[in-house]
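Order of appearance sets the numbers: ligands from 1, and atoms from 1 within every ligand.
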Amino acid sequence: MSVTSPSYEARSKKLRDVDPEVFSLIQRETERQEYGLEMIPSENFVSEAVLEAMGSVLTNKYAEGQPGKRYYGGCHVVDEVENLASARCCELFGSEFANMQPHSGVQANQAVFEAFLKPGDTFMGLRLDQGGHLSHGSPVNFSGMHYKVVGYGVRESDCTIDPDEVLTLARQHKPKMIIAGASAYSRKFDWKVFREAADEVGAILLADIAHYAGLVAGGAYPSPVPYADIVTTTTHKTLRGPRSGMVMGRAAHQKKINKAIFPGLQGGPHMHTIAAKAVMFKEALAPDFKRYSAQVVDNARALANALMKGGLKIVSGGTDSHLMLVDLRPIGVTGKAGEETLDKVGITANKNSIPFDPQPFTICSGVRLGTPALTTRGMGTKEMEQIASFIIEALQNVENEARLRAVSEGVQELSKKFPLYRHRLIS
Ligand code: DSN
């Protein structure tokens, strides 16, 4: 009998008994999610099946390399897991290949830069202050530090992307790559316009659909797969899977992408997360998911309309997706104060710059709201109207503690009607 390692019985104990401190923090976070309204558009709630795969023994396995060509023994089972996830991904999106190994969305994008660009090369991306993403050229991110960035923006008149500007900038700067994608853009990307611009200057077209992936999968948002050379995404937003990333695209680029991810950027893939992605794809391939993604967009439209009726301003006048940017200037509240006030009543959102924002990044003039997580709970357009009234009441009474308390009670009452992880709460 070993005296140096814990006994089988000790290793088999539950978290609750082994580490009550961490267990209780997880319980507190479960309660926060259960009894609040989650409106950050990049968040969602995974199923028990996805959680189970993430918490599995697959975390123990090293599997550097590709299925069938690993640098470790004992990979025959995880090979099947990774092949299953990739095959389901290609079936769902109609892609020619998929790489399941990126640990996150930024790593997925970084792999594309590594595959196609050299430091100092020029690329185009939507500016962060106009709705883009850090990894699309922000000066504090690898993309902005090591490459020459040409940022495109939105029109001041209607806050939508101007196809003429994209084309003009492409002709002028001849980028090696054009990125189409965003973190805070509620309208549809016209993928064809970006394809035309890329073709005209011989650039690679990367569509980063981290925000829209679930909507694309469910047919509620246009797919870039027929147009883009490469498509990247995270898997934990509208796609409702584990916190991770992935790359798909045209078969001709597969080798370059695989090499850029491993050995270029990463070591061992997270096999437990890849298994959870396989489960996520199975869920997204089911007919229910089409209904879910359509409902996400219906809910976002209902919420935006109700907020506008209540006197709030929505950037671009509405939404075609799961998210919206609310411009708080008409009611004299900053994004920072808006986020803090909503937090007080149990509505989780994030402050966000609006295009042409006079406020610095740390304050912002807007908040970003989204419906993927609420829709997962089963909420519909009726609840969106009720939530809009909570938001308006809270934002119009940022200093009135009694009114905020009343809104908070309303939020709790509503969330109790839509159970989430109640079975995980131990009283
Ligand atoms: N940080 C994510 C978001 O909230 O949109 C993007 O990576």
Ignoring hydrogens and geometry beyond distance, is a side-chain donor-acceptor pair present between Lys277 and Ser244 at under 3.5 Å? yes

His133 neighbourhood, listing ligand 1 atoms whose heavy-atom distance to it stays under 4.0 Å: 6 (C), 7 (O)

Step through it carefully: locate the ring centre of Tyr62, locate the ring centre of Tyr71, and say whether they are under 6.0 Å apart. no

Assess whether a salt bridge exists between Lys192 and Asp190, defined as any Lys/Arg side-chain N lying under 4.0 Å from an Asp/Glu carboxylate O. no

For Ser42, the ligand 1 atoms whose distance to one of its heavy atoms is below 4.0 Å: 3 (C), 4 (O), 5 (O)

Select one of side chain, backbone, both or neither to describe which atoms of Arg368 lie under 4.0 Å from any atom of ligand 1, heavy atoms only. side chain

Cation-pi check, Arg240 to Phe45: give yes when NZ or CZ is under 6.0 Å from the six-membered ring centre and within 45° of the ring axis, no otherwise. no

Which of the numbered atoms in ligand 1 are under 4.0 angstrom from any heavy atom belonging to His211? 3 (C), 5 (O)

Determine, counting only non-hydrogen atoms of the protein, whether one lies under 4.0 angstrom from atom 1 (N) of ligand 1. no

Any Lys/Arg nitrogen of Arg70 or Glu82 sitting under 4.0 Å from an Asp/Glu carboxylate oxygen of the other? yes

